[in-house]
There are 2 protein chains.
Amino acid sequence: MGTTQLESVPEPKYWHLKTVLSEALDRDFAVGEILPNERELAARFGVARATLRQALEQLELEGRLQRRRGVGTTVAPPRVGVAVGSTGHGWPGEAADGWEAVDAVEAVPAGAVLALLGTEAGRPVHTVRRTRVTQGQAVAAELLYVPAASVPGLSAIDAPAGPARARAVLRELQRLALDGQDRSVELGSARADDAKELDRLPGAPVLVVTTRYFTAEGTAAVSVATYRADTCRLTFGDTGMEITETRAAS
Amino acid sequence: MGTTQLESVPEPKYWHLKTVLSEALDRDFAVGEILPNERELAARFGVARATLRQALEQLELEGRLQRRRGVGTTVAPPRVGVAVGSTGHGWPGEAADGWEAVDAVEAVPAGAVLALLGTEAGRPVHTVRRTRVTQGQAVAAELLYVPAASVPGLSAIDAPAGPARARAVLRELQRLALDGQDRSVELGSARADDAKELDRLPGAPVLVVTTRYFTAEGTAAVSVATYRADTCRLTFGDTGMEITETRAAS
DNA sequence: CAGTGGTCTAGACCACGGA
DNA sequence: CCGTGGTCTAGACCACTGA
């Protein structure tokens with residue numbers, strides 16, 4: 001087909017398609033509803049499947065759609081607000097904040113984490129894995145790095161592997177006096193292990209929240225939490241107020 | 001080089017390719033260096049150009065690469081940390097925080113913003129456009145919505161269009177007593193106008209920071225700031241400390 | 001102008017989920 | 001088993017940049 005006609009400004013097809021689909025979603029579809037499959041949609045709009053997919057990818061990135069292999073494409077609910085900054089500025093694991101300890105091992109982390117911790121290479125570091133569940137949905141996977149030097153009260157193997165050991169590390173952490181913390185957010189893509197926890201494919205877009213916890217002695221712990229970017233809106237409400245309803249800026 | 005051989009677990013080609021490229025970037029390339037062009041790289045790795053592009057897209061999303069049409073693909077510098085949460089929790093435009101007022105118009109915003117403002121539809125709202133420049137690079141574009149009712153001291157046309165008018169709105173805002181604020185971060189894609197300000201293509205991934213400013217009377221203003229997700233790391237340091245060096249989690 | 005990345009096509013096969 | 005989305009190919013043309 002002769003692609004387009006006379007477009008003074010040749011807007012890409014997938015971009016226009018995305019707009020059309022977005023309006024159709026608002027107008028004709030309810031949350032959870034299944035869209036026609038990709039081949040069908042592509043035929044209906046007269047484009048190649050790859051082009052249609054480019055539009056769907058954008059909409060998924062914006063949290064409008066959810067696609068699952070073997071199942072289909074559904075209309076996504078509005079993003080859930082996930083509190084990140086409020087909750088008392090305390091140690092991780094202090095309250096019932098939705099985090100669940102999964103496991104803990106003693107390992108030597110990679111260079112980037114080492115730089116954040118400010119410890120020398122080769123020193124043992126407790127690595128705690130936690131997941132966060134909100135409204136029955138896994139929204140985040142975290143790796144919490146605690147240098148063994150930060151929690152001298154914790155003997156090497158005083159708890160068996162698994163959740164119990166993870167909780168032991170968190171418990172020891174809370175005995176320290178928290179001096180302050182430091183947080184940053186950036187875009188990343190899910191590593192294979194995080195993707196599995198989040199029920200996504202590797203490479204899925206995630207919001208990486210890096211937190212450093214300080215005591216008088218220095219950096220006592222570093223947390224790297226990866227949140228599903230498609231379904232989450234991170235909230236930093238100091239006032240604790242909730243944004244009731246919103247939609248990502250196109 | 002015939003890339004790889006038989007993989008018992010058929011890891012996607014683009015994923016493996018991304019890993020190989022990522023290691024090559026760390027090892028053999030300096031920041032700012034130009035990579036071979038896409039056709040050349042695809043041939044060298046024995047894959048179709050589309051597959052090679054899928055790997056490059058991931059690396060660009062992670063801030064490792066920068067691609068510009070007509071120019072080429074270069075190795076990106078580490079992401080710049082951009083302070084978002086600290087700086088006194090004050091009104092926008094209070095200090096020399098890198099924001100530059102561009103323009104202001106009186107308009108009636110779309111539904112999502114209206115819901116955030118909590119005002120009735122049809123009421124006039126000052127819409128201020130600002131951009132943020134850090135280290136000579138445009139990192140964010142903002143739309144600040146101020147209901148006319150919030151700044152009664154500002155008569156309709158007491159300043160000509162343009163930056164002067166924008167600054168007038170900001171000045172009026174600072175006469176109010178700020179009661180608190182509320183912030184959220186989510187992933188979005190750049191609208192055409194924002195993309196132009198940020199020197200990116202439409203649809204580029206952005207971090208959307210939505211801030212509500214409260215006075216005793218209610219929501220006095222709402223800011224929607226879109227940050228380039230590829231080059232920015234948003235920092236919320238209450239302590240004002242700086243993360244010196246980091247690399248997104250894979 | 002030549003060379004780059006951006007868009008688009010029309011196929012093909014594969015991995016996964018559910019019936 | 002079938003239907004879904006996920007991956008991959010080998011082309012083509014276009015829009016933009018810089019010399």
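Convention: sequence-line order gives letters A, B, ...; per-chain numbering from 1. Excluded from the calculations below are hydrogen atoms, water molecules and symmetry mates; all remaining heavy atoms, backbone and side chain alike, are included.
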Subject >> Separation of D:dG6 P from A:Leu52 CG (nearest whole Å) >> reply: 12 Å
Original post:
Does A:Arg64 come within less than 4.0 Å of A:Asp230, counting only side-chain N to carboxylate O?
Top reply: no
Original post:
Can you check the A:Leu65 CG to D:dG5 P distance for me, whole Å?
Top reply: 11 Å
Subject >> side-chain N/O B:Asn37 vs C:dT4 OP1/OP2, d < 4.0 Å >> reply: yes
Original post:
If only atom types and distance count, is the side chain of A:Thr235 paired as donor or acceptor with the main-chain N or O of A:Val82 below 3.5 Å?
Top reply: yes
Original post:
Does A:Tyr14 place a side-chain N or O at less than 4.0 Å from the phosphate oxygens OP1/OP2 of C:dT7?
Top reply: yes
Original post:
Tell me: CG of A:Leu35 to C1' of D:dG5, nearest whole Å?
Top reply: 13 Å
Original post:
Quick check: does any side chain N or O of A:Glu33 sit under 3.5 Å from a backbone N or O of A:Ala30, one acting as donor and the other as acceptor?
Top reply: yes
Subject >> Greater than 12 external heavy atoms within 6.0 Å of A:Arg49's CZ >> reply: yes
Original post:
Looking at the side chain of A:Lys13, which of D:dG5, C:dT9, D:dT9 is the nearest nucleotide?
Top reply: C:dT9
Subject >> Candidates C:dT9, C:dT7, D:dG5 - which lies nearest the side chain of A:Glu38 >> reply: D:dG5
Subject >> Residue list, side-chain hydrogen bond (donor to acceptor under 3.5 Å, both in side chains) with A:Glu142, at least two apart or on another chain >> reply: A:Arg130, A:Ser223
Subject >> Pair A:Glu57 + A:Arg53: basic N to acidic O under 4.0 Å >> reply: yes
Original post:
Side chain of A:Val47: nearest nucleotide among C:dT9, C:dT7, C:dG5?
Top reply: C:dT9
**OP:** State whether A:Thr73 places a side-chain N or O below 4.0 Å from either non-bridging phosphate oxygen (OP1 or OP2) of D:dT4.
**Re:** no
**OP:** Check whether any side-chain nitrogen or oxygen of A:Thr51 sits under 4.0 Å from OP1 or OP2 of C:dT9, and answer yes or no.
**Re:** yes
**OP:** Compare the minimum distances between each of D:dT9, D:dC8, C:dT9 and the side chain of A:Ala50, then state the nucleotide with the smallest one.
**Re:** C:dT9
Original post:
Hey, does B:Val208 have a side-chain heavy atom less than 4.5 Å from the side chain of B:Leu187?
Top reply: no
Original post:
Nucleotide by nucleotide, 5' to 3', does protein get under 4.0 Å of the base (B), only the sugar-phosphate (S), or neither (-) in nucleotides 12-19 of chain D, counting heavy atoms?
Top reply: BB-BBB--
Original post:
Roughly, in whole Å, what's the span from CZ in A:Arg53 to P in C:dT7?
Top reply: 16 Å
